[in-house]
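Proteins come first, then strands; the chains are lettered A, B, ... in the order of their sequence lines, and each starts at number 1.
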There are 2 protein chains.
Amino acid sequence: MALLTASSAIILNKSRKFTSMETISIDNILKRNQLSVTDSRKKILELFQGNAGALAHSDIEKRTGEKFDRVTIYRTLQTFVEKGIIHTIPTADNSVLYALCKDECTTGHHHDNHVHFVCDNCNVTYCLDSVVTPEVNLPQGFKPQVIDVVVSGICKNC
Amino acid sequence: MALLTASSAIILNKSRKFTSMETISIDNILKRNQLSVTDSRKKILELFQGNAGALAHSDIEKRTGEKFDRVTIYRTLQTFVEKGIIHTIPTADNSVLYALCKDECTTGHHHDNHVHFVCDNCNVTYCLDSVVTPEVNLPQGFKPQVIDVVVSGICKNC
DNA sequence: ATTAATTCTGCAACTTTGTTGCAAACCTTT
DNA sequence: AAAGGTTTGCAACAAAGTTGCAGAATTAAT
């Protein structure tokens, strides 16, 4: 499993164990967004915080050990996207990936102007928060709103 | 239907009727790629040539009037992608879109270094062949291979 | 601390999307 | 026109995603 490999290899978001401080932080994220604090939401948020790479629905299903219903995971991810906690990443192979948003995102208003990188080897998708999307000169009449950039190639861990 | 609107509004690939010359051209595309010339392949190629916007599997199913089996359409699109006749476009909402490739594409070797534009209003996806993908400065250790740029906003016909 | 009100979860059933094997139909070549 | 290979359509299946609803959990109020 590509993403299991990833979790051990990547150290972007510092994959240490959560202290009580951080547990509180997860609770706060949920409360800040008027969401009840439930097991599934806490667990799924933890997964995102503990792993730098993006996650697909199926990854979450596996990593939570089939503890939660498929439907619950779908709905949790939907809710998180709506609230601006996570965002989706466009992929060429038509799989939906999700990753944590940065702080500026709010309900219905995402600011994901960073570049995504998919490794052809280990298959991990990174959010390169430090790389800002470049300008694009469009033909007359086209008004850009959001620019999504997905780079694929070989990542720094491969 | 977003894409029906599109077919009448867009003039990128010149949506005129096909002359016998152009019919021959479709046959040639297939023959050039060692594919037998069949009804479904001709019809699907025609659809792509007649409409500038990108097409999803479901669009093709509707526009061919349920004349061909779902499986045939899947296989035809797969074959066309493999032969370099069409290419897929990454989308944030996880639908697969296909569009005609330019001449330089060959089997297993796509050259789609152009920008894609999705209109938020009419929902049409354009291949902006004239807009070359910009350079992206990646962090140390990341080696880029393919850069996909998808811009969304308002198109020139809206 | 209990209770009432609200929110969330899990189940069941369903829809949509995509895949595979195989026999019949079709296209190409001779 | 017939042999050979290729392509199609059917059936059956697998995977992905959605919806309604009753019961469980969370939150807010007493």
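Side chain of Asn51(A) to backbone of Gly53(A): no donor-acceptor contact under 3.5 angstrom is found. With hydrogens and angles disregarded, a donor-acceptor distance shorter than 3.5 Å links the side chain of Asp59(A) to the backbone of Ala56(A). Between the side chain of Thr64(A) and the main chain of Phe68(A), no donor-acceptor pair closer than 3.5 Å is present. Proximity of a side-chain donor or acceptor of Asn33(B) to a complementary backbone N or O of Leu35(B) within less than 3.5 Å is not detected. Not one N or O on the side chain of Arg41(A) forms a donor-acceptor pair closer than 3.5 Å with the backbone of Thr76(A).
A straight line from CG of Leu77(B) to P of dT17(C) spans 14 Å, rounded to a whole angstrom. Per the geometry, NZ belonging to Lys62(B) stands 13 Å off C1' belonging to dT17(C), to the nearest Å. Regarding Asp27(A), its CG atom lies at a distance of 9 Å from the P atom of dT27(D), rounded to whole Å. Atoms CZ (Phe80(B)) and C1' (dT7(D)) sit 12 Å apart, rounded to a whole Å. Rounded to an integer number of Å, the gap from CD1 of Ile60(B) to P of dT17(C) is 13 Å. Rounded to whole angstrom, the span from the CD atom of Glu66(A) across to the P atom of dT9(C) amounts to 18 Å. Regarding Glu82(A), its CD atom lies at a distance of 15 Å from the C1' atom of dT7(C), rounded to whole Å. Atoms NZ (Lys67(A)) and P (dC8(C)) sit 18 Å apart, rounded to a whole Å.
Residues satisfying the side-chain contact (heavy atoms from CB on, under 4.5 Å) test with Val149(A), not counting sequence neighbours, are Val115(A), Thr133(A), Pro134(A), Ile147(A), Val151(A), Val136(B), Ile147(B), Val149(B).
Out of dC11(C), dT9(C), dT8(D), the shortest distance to the side chain of Ser40(A) is found at dT9(C).
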Quick one: what's the B/S/- string for nucleotides 25-30 of chain C, heavy-atom cutoff under 4.0 Å, read 5' to 3'? --SS--
Counting primed atoms plus P, OP1 and OP2 as sugar-phosphate and everything else as base, spell out the protein contacts along nucleotides 14-20 of chain D at 4.0 Å heavy-atom distance: B, S or - for each nucleotide, 5' to 3'. --SBBBB
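Residues Lys42(A) and Asp27(A) form a side-chain contact, since some pair of their non-hydrogen atoms from C-beta on lies under 4.5 Å apart.
Counting heavy atoms of neighbouring residues, nucleotides and ligands inside a 6.0 Å radius, atom CG of Asn137(A) does not exceed 12 of them.
Proximity of the aromatic rings of Tyr98(A) and His87(A) is defined here by a centroid distance below 6.0 angstrom, and this criterion is not met.
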